[in-house]
Amino acid sequence: MLRPSFAILLFFLLLRLVIIDPIYIISGSMVPEILIGDHVLIFKLAYNFQNLISWRQPKPGELVAFKAPLYVPHDRDSIWIKRVIATEGQRVRIDNGTVYVNNVPYLHLKKNRVVRFMDFMSYGVWQKQEAWATEENTAGYIHPIYMGNAEEYWPISGQLALPGLICDAVSCVVKQGFMFVMGDNRGGSTDSRDYGAVQVENIIGRPWLVWMSRDQRLSQFRNRWFKLLS
C-alpha cells in the first residue's frame, strides 16, 4: 500500500508528465492574448498521447504549444506558442495585412486603433512598441491581434524556399504533416512567415489557462489569474 505522501507525489508527477505542462512566457509574440510574465498551463492530451497515439489534428484558429523546429537551431528544445493559421494542403497568403486561406479572408472585425505597449526584446531590454489593434476571425476563432504600422504582404519575393511549404510568388501551400502558425502580435512575432511551417509531430499540447501573471518590469502581479485562453 502506498504511503499518502508518496501517492500525492506520484499523482503530481503523472499530472506533469502526462496531462499538464506549465510554461513561463518570456516573449511578446502572442500579445495581447498572452503576455510576457504569464504562467500558462498546457493541456498535453489535446491532440495526442506522447506522440504515440493521435486522436485529432490541430485546426486553424487554435493555439498550440510545440517544440521549436530543428531548422531554428538557436531555439532548439524551446517551447513556443503560436496560433494555427493553416494546416496541410491549405494555401496561405497575406494581402495588405489580411490573411487569406484558400482565398477566404480572415476578416478583421473592429476598426484599427493605435495601442502602445512594452515588449522585452531578444537583446535583453524593454522597449516601447506601437501597433494597430483589432480583432480577427481566424476560421471561427475570434481573438485580438496587434499589427505593425507597415502594410503587410506575404510571401516575400526571394524568401520562398521555406521548410514545410511549397511557394510561388503569390502564396504558399502547407505540406503534409505540417502546420502554418503565426503570433497574434503580427508585427512582433517570428513565425512561419520567417522559418516555415512546423511539423505536427512537434506539438506538445494546447495552451489552456493563464493561472498566474506577473509584470516583471513593474514587479507586480496582474489581474489575470485563471484566465482561459481563446
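Interatomic distance, Lys44 NZ to Ile20 CD1, rounded to the nearest 0.5 Å: 9.5 Å. A distance of 12.0 Å separates OG of Ser189 from CD1 of Ile81, quoted to the nearest 0.5 Å. Taking NE2 from His39 and CG from Leu209, the interatomic distance works out to 12.5 Å, rounded to the nearest 0.5 Å. The structure places CG of Leu162 at 9.0 Å from CD1 of Ile156, a figure rounded to the nearest 0.5 Å. Taking CG of Asp38 as the start and CE of Met212 as the end, the distance is 9.5 Å to the nearest 0.5 Å. A distance of 10.0 Å separates NZ in Lys227 from OG in Ser213, rounded to the nearest 0.5 Å.
Between Val84 and Met179, the shortest heavy-atom contact is CG2-SD, 4.1 Å. The shortest heavy-atom contact between Leu63 and Ser230 is CD1-O, 3.2 Å.
A salt bridge does not link Glu201 to Lys67: none of the charged nitrogens lies less than 4.0 Å from a carboxylate oxygen. Ion pairing of Glu152 with Arg186 is absent here, as no side-chain N (NZ or NE/NH1/NH2) approaches a carboxylate O to less than 4.0 Å.
In the model, Lys59 has no side-chain atom that pairs as donor or acceptor with a side-chain atom of Thr87 under 3.5 Å. No hydrogens or angles considered: nothing links the side chains of Arg93 and Ser171 as a donor-acceptor pair under 3.5 Å.
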Exercise for the section: Could you walk me through whether Glu62 and Arg83 pass salt bridge (charged side-chain N to carboxylate O under 4.0 Å, His left out), step by step? Expected result: CA-CA 6 Å; Glu62 294 181 343; Arg83 192 174 299 275; over 6 Å; no

Handout entry: Worked check of ring-ring contact (aromatic ring centres under 6.0 Å, His included) between Trp154 and Tyr100
Key = CA-CA 10 Å; Trp154 186 90; Tyr100 291 79; over 10 Å; no

Exercise for the section: Evaluate the salt bridge (charged side-chain N to carboxylate O under 4.0 Å, His left out) criterion for residues Lys110 and Glu136: first the C-alpha distance (whole Å), next the side-chain angles of each, then the deciding distance (0.1 Å), finally the verdict. Expected result: CA-CA 8 Å; Lys110 287 189 175 181; Glu136 182 177 87; over 6 Å; no

Exercise for the section: For Val40 and Leu229, run side chain to side chain contact (heavy atoms under 4.5 Å, CB included): C-alpha distance rounded to whole Å, both residues' side-chain angles, the deciding distance at 0.1 Å, then the answer. Expected result: CA-CA 9 Å; Val40 176; Leu229 296 171; 3.9 Å; yes

Exercise for the section: Give the C-alpha distance, both sets of side-chain angles, the deciding distance and a yes or no for side chain to side chain contact (heavy atoms under 4.5 Å, CB included) between Leu45 and Ile19. Expected result: CA-CA 6 Å; Leu45 298 179; Ile19 302 175; 4.0 Å; yes

Exercise for the section: Test side chain to side chain contact (heavy atoms under 4.5 Å, CB included) on Arg206 and Tyr47 and set out the steps. Expected result: CA-CA 8 Å; Arg206 186 171 178 180; Tyr47 302 104; 3.7 Å; yes

Handout entry: Candidate pair Leu165 and Phe178, rule side chain to side chain contact (heavy atoms under 4.5 Å, CB included), full reasoning
Key = CA-CA 8 Å; Leu165 299 171; Phe178 287 81; over 6 Å; no

Practice task
Please lay out, stage by stage, how Asp168 and Arg91 fare under the test salt bridge (charged side-chain N to carboxylate O under 4.0 Å, His left out).
Solution key: CA-CA 11 Å; Asp168 55 34; Arg91 183 175 294 274; 3.6 Å; yes

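Taking a 6.0 Å sphere around CZ of Arg56, one finds it holds more than 12 heavy atoms contributed by other residues, nucleotides or ligands. The neighbour count for Gln220 CD, taken as heavy atoms of other residues, nucleotides or ligands under 6.0 Å away, is above 12. The local environment of CD1 in Ile26 is sparse, with at most 12 non-hydrogen atoms from other residues, nucleotides or ligands closer than 6.0 Å.
Take Ile36 and apply the side chain to side chain contact (heavy atoms under 4.5 Å, CB included) test, not counting sequence neighbours, and it matches Asp119, Phe120, Trp126. Under the rule for a ring-ring contact (aromatic ring centres under 6.0 Å, His included), Trp208 has no partner lying at least two apart in sequence or in another chain. Taking Ala131 as the reference, Val115, Phe117, Tyr146 meet the side chain to side chain contact (heavy atoms under 4.5 Å, CB included) condition, with sequence neighbours excluded.
The closest donor-acceptor contact from the side chain of Asp95 to the backbone of Thr98 lies at 3.5 Å or more, if one exists at all. For Asn102 (side chain) and Val104 (main-chain N/O), no donor-acceptor pair under 3.5 Å exists by modelled atom type. Side-chain atoms of Lys82 come within 3.5 Å of backbone atoms of Thr190 as a donor-acceptor pair (strictly under, hydrogens ignored). No donor-acceptor pair closer than 3.5 Å links the side chain of Asn112 to the backbone N or O of Trp132. The backbone N or O of Gly140 sits nowhere less than 3.5 Å from a side-chain atom of Tyr106 that would complete a donor-acceptor pair. The main-chain N or O of Gly28 is found under 3.5 Å from a side-chain atom of Asn185 such that the two form a donor-acceptor pair.
Linking ILVMFWY residues whenever their side-chain heavy atoms come closer than 4.5 Å, directly or via other members, leaves Ile204 and Val200 in distinct clusters.
Relative ring orientation between Trp80 and Tyr195 is described as tilted, the plane-to-plane angle lying within the 30° to 60° band.
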